[in-house]
Every structure is written in structure tokens, then in C-alpha cells.
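Remarks on the structure that follows.
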Amino acid sequence: YGKTVLTLKKWCHLGKVLETTLGLKQTAFQELLRTRSILVNRTPISTDLFVGPKQEIMVFRKVNPFSAVTTDRIGTPVLRVDPHFILTDKYPGLPTIPTRDNFTENFQYFLQRSCDRSISAGKLMVTSRLDTGTHGLLIYSRTNEFQALYNTMLSDRKVQKRYQAVVLGWKDSHKKWSFPLTLKHYLSNPKKRKWKTPELVTQEFPEATLTSTPWKHTQGWTRVNTSNTATKECTSESILIIQSAVPATPDSLPFRPFSEEYLAELYKEHKPMLLTIELITGRTHQIRAQLQAMGLVIVGDHLYGCPEKYLTESNPLALCCASLSFKHPLTKEQFSFNLEEMTKEASRE
């Protein structure tokens with residue numbers, strides 16, 4: 001991240017301090033203020049300040065830039081407003097929440113700034129996340145009570161989430177699959193990997209091989225003894241169900257972020273398949289890592305093996321959260337949201 005931490009001996013303007021100590025010019029300083037990549041006492045700032053002793057200054061000079069990918073097929077970001085939550089259609093290209101070095105270029109900040117004030121009044125709170133390149137249905141809470149109860153429902157697997165993914169690499173061996181097909185893997189701790197991406201540790205690992213002692217530093221991870229007697233840190237289990245697989249068409253839902261030119265080039269050499277996936281657990285990059293373990297790669301996924309010629313500058317993925325079903329934890333109303341149906345209705349209005 002190019003992080004620098006400073007402490008001062010006397011009071012002065014922050015811009016002057018950074019120019020003197022880091023050689024940070026005014027234009028670069030203003031850009032870091034725009035993305036709120038400068039923290040004073042761990043609080044992101046957006047204007048120059050008078051700073052001094054006993055204040056910690058943290059500067060992220062190598063800011064990861066993000067930009068939303070929008071097309072004619074990706075419309076309004078807010079699909080439904082409830083007193084306790086808003087249902088959104090997340091744009092690909094933006095993280096769900098602020099990153100440690102970029103506070104403003106994320107979907108949560110975008111909603112706060114762009115929505116009607118009656119919708120975004122107060123703070124929108126995250127309930128779950130979609131990867132930066134992933135798009136589709138995502139709920140933000142408007143109340144602390146709903147956030148706590150909805151997160152409990154997620155942990156108890158009382159929220160049904162279905163994704164659609166367009167993949168490359170479909171072979172004769174995949175044609176023998178019968179659906180629904182349950183995949184169960186153990187994935188490595190992404191904090192141990194260069195790109196923070198999980199990798200397959202093993203498939204259908206016997207429970208007896210799991211050590212009883214939880215990993216000391218990271219809650220929710222378990223040590224697994226692999227076949228070569230090595231010990232790896234991994235998730236307790238990652239489960240998804242592939243409900244169906246059919247040939248993808250250019251108007252398939254996961255292809256929304258991609259141009260007609262891009263898809264024309266893709267179809268010259270490949271016959272992509274459209275998978276419908278029910279996510280049972282919610283691990284980091286779970287769908288992407290598990291599909292890679294089965295010899296498949298999601299279109300646009302450079303971290304998991306998509307051919308370089310099919311990568312784009314903004315790196316959207318042909319991966320979409322297509323439906324959500326749950327019972328409102330407070331009103332007990334049953335919801336079943338389908339992205340394709342909702343976007344069609346919105347386009348007719």
C-alpha cells in the first residue's frame with residue numbers, strides 16, 4: 001500500500017509536512033485527500049489540517065484506484081427501499097465497502113452520495129460483501145437492529161443466495177456431471193497468499209484429519225493435515241451447489257458489464273457455459289476458487305486463470321448475485337428477489 005506513518009514534534013499544516021518529508025506535491029496531496037487515503041489518528045480526512053505532536057499520521061501513497069463499470073444493462077443501483085434495509089444492484093468495479101487505502105471509491109460511499117437523502121439518511125451498514133468485480137443483488141442495512149439480525153440469519157444459513165457465473169474450460173469430463181452437484185472443499189487462508197486469494201487445500205477431507213485446536217491468530221480457520229503430512233491453515237469447509245449448466249448467450253445476466261465487441265471476440269474461440277450456483281457458505285472468493293479447483297475459470301477473473309487476452313482495464317467478472325430469498329427478521333415478511341425480473345420491470349417504468 002506504500003504506507004507511511006509519521007509523528008510530529010511541532011504543529012504545522014499537513015500538506016507542508018508531507019511535501020517536506022515525503023516530497024508529496026500539491027496535486028498528489030489533493031488526490032489523496034479526495035480518496036481519503038490520509039488518516040489522522042486513524043480517521044480519514046478530506047481537507048488539509050493543522051497537525052502536531054501526539055497525532056499519528058498515516059499516508060497511503062500507492063492508492064488502488066477503483067471505478068464503476070456501467071452499461072445499458074446495468075441501471076439504477078437501488079431496487080427496493082425498506083425502513084430497515086435497501087436492496088441494491090451493485091456495480092462491478094467497486095468494492096462493497098472502503099478499502100484501507102481508499103475511502104471514497106466504493107459502492108457504499110457511492111450510495112451515500114448519490115441516493116435520495118430520504119434513502120441514505122444516516123449510515124448505510126454492510127451486511128455481506130460481493131467481490132470488487134462481482135455485480136448483482138446486495139443488501140445494506142439502515143438500522144443496527146436489522147444488521148445484527150440479518151447477519152445472524154446469514155450465519156445460520158437462513159438466507160438463500162443464488163449466483164450466475166459464465167465459465168470457460170468446459171470439457172467432456174464436466175458433461176458427465178449430474179445436477180444438482182454439491183462441491184465441498186477446504187480453502188487456504190487468503191492472508192497467507194500474495195494476492196490474498198484462497199487456493200484449494202483439499203476436497204472432501206475426512207473430518208478426522210481436522211485438528212481440534214483452532215488456529216491461534218485468525219478466528220474461523222482450522223489447521224488441516226494434508227496427504228504429505230504438512231499442516232495448512234484453511235477454512236473448516238466451503239460448500240456450494242451447482243444447480244444447472246447451460247450454454248451461455250451474449251445476453252446472459254453475468255455478461256452485463258461486457259461490451260458487444262468483447263463478447264464477439266470471446267465467442268470466436270470459446271463456448272462459455274452459464275452456471276447457476278447456490279452458495280451455502282460465504283468464504284472469500286469461494287465460488288471463484290472452487291470452480292478453479294474443478295478446472296473452470298470465470299470470464300474476466302485474472303486472479304484465477306482467465307486468459308490474459310480477455311482481461312479488461314476495470315476487471316469486471318462474469319459473476320452475478322442473481323437472487324436473494326429470506327424472511328424479514330423484524331416484520332416476518334417473506335422476500336424473494338430476482339435480479340433479472342427486477343431490472344426488466346425497472347426498464348419498463
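Just so it is clear, the structure is predicted and the values come from calculations on it, not from any experiment.
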**Request:** Walk me through it: do Tyr109 and Phe107 pass the test ring-ring contact (aromatic ring centres under 6.0 Å, His included)?
**Result:** CA-CA 5 Å; Tyr109 187 83; Phe107 194 59; over 10 Å; no

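- Annotation for Pro77 and Tyr91: closest pair CD-OH, 3.5 Å, computed over non-hydrogen atoms.
- Between Asp89 and Arg256 a salt bridge is recorded (basic side-chain N to carboxylate O distance below 4.0 Å).
- What you find for Arg162 and Gln243 is that their closest heavy atoms are NH2-NE2, 3.5 Å.
- Side chain of His135 to main chain of Leu130: no donor-acceptor pair is present (N/O by atom type, distance under 3.5 Å, no hydrogens or angles).
- Note that the CG atom of Leu124 and the CG atom of Leu111 stand 6.0 Å from one another [nearest 0.5 Å].
- Between the Thr104 side chain and the Arg34 main chain, a donor and an acceptor come within less than 3.5 Å of each other.
- The shortest non-hydrogen separation linking Leu253 to Ala322 is CD2-CB, 3.9 Å.
- Remark: Glu260 CD is loosely packed, at most 12 non-hydrogen atoms of other residues, nucleotides or ligands lying under 6.0 Å away.
- In this structure, a donor-acceptor pair under 3.5 Å is absent between the side chains of Thr96 and Gln108.
- Membership of the apolar cluster around Leu274 extends to Val166, Leu168, Val246, Phe255, Phe258, Tyr262, Leu263, Leu266, Tyr267, Val297, Val299, Tyr310, as traced through chained side-chain contacts below 4.5 Å between ILVMFWY residues.
- With hydrogens and angles disregarded, a donor-acceptor distance shorter than 3.5 Å links the side chain of Lys90 to the backbone of Leu94.
- Put simply, the side chain of Glu31 never gets that close to the backbone of Ala28: no donor and acceptor are under 3.5 Å apart.
- Expressed to the nearest 0.5 Å, how far CD of Gln147 lies from NZ of Lys123 amounts to 8.5 Å.
- In this structure, the side chains of Met294 and His185 come closer than 4.5 Å at one or more pairs of heavy atoms.
- Here the side chain of Gln164 pairs no donor or acceptor atom with the backbone of Pro254 at under 3.5 angstrom.
- The shortest distance between side-chain heavy atoms of Arg61 and Leu22 falls below 4.5 Å.
- Looking only at side-chain heavy atoms (C-beta outward), Glu19 and Leu14 stay at 4.5 Å or farther from each other.
- Taking the side chain as every heavy atom from C-beta outward, Phe103 and Thr35 never approach each other to under 4.5 Å.
- Inter-residue side-chain proximity for Pro95 and Phe66 is flagged as met; some heavy-atom pair is nearer than 4.5 Å.
- A donor-acceptor pair is defined here as one N or O able to donate and one able to accept, closer than 3.5 Å; no such pair exists between the side chain of Ser323 and the backbone of Asn338.
- Nearest approach of Arg283 to Ser238, heavy atoms of both residues: CG-OG, 3.1 Å.
- The backbone N or O of Val17 lies less than 3.5 Å from a partner atom in the side chain of Thr21, making a donor-acceptor pair.
- We find that Glu265 and Lys309 are not joined by a salt bridge, their nearest charged nitrogen and carboxylate oxygen being 4.0 Å or further apart.
- The CD1 atom of Ile287 lies 5.0 Å from the CG atom of Leu279; values are rounded to the nearest 0.5 Å.
- A donor-acceptor pair shorter than 3.5 Å cannot be found between the side chains of Thr43 and Asn41.
- Between the side chain of Asp48 and the backbone N or O of Gly15 there is at least one donor-acceptor pair closer than 3.5 Å.
- Applying the side-chain hydrogen bond (donor to acceptor under 3.5 Å, both in side chains) test to Thr88 and every residue at least two apart in sequence or in another chain returns nothing.
- At a threshold of 4.5 Å between non-hydrogen side-chain atoms, the residues Leu49 and His13 do not count as touching.
- Linking ILVMFWY residues whenever their side-chain heavy atoms come closer than 4.5 Å, directly or via other members, places Ile139 and Phe335 in the same cluster.
- The minimum heavy-atom distance between Pro180 and Ile241, with the atom names listed, is CB-CG2, 3.7 Å.
- Checked by atom type and distance alone, the side chain of Asp301 never pairs as donor or acceptor with a backbone atom of Cys306 at under 3.5 Å.
- Looking at Thr152, its side chain does come within 3.5 Å of a backbone N or O of Ala148 through a donor-acceptor pair.
- In terms of heavy-atom proximity, Lys327 sits nearest to Lys332 at CG-O, 3.4 Å.
- The shortest side-chain heavy-atom distance between His84 and His328 falls under the 4.5 Å cut-off.
- Using a 4.5 Å heavy-atom cutoff, the side chains of Arg288 and Asp131 are in contact.
- Between Phe146 and Phe85, the ring planes lie parallel to each other; the angle is under 30°, not in the 30° to 60° tilted range.
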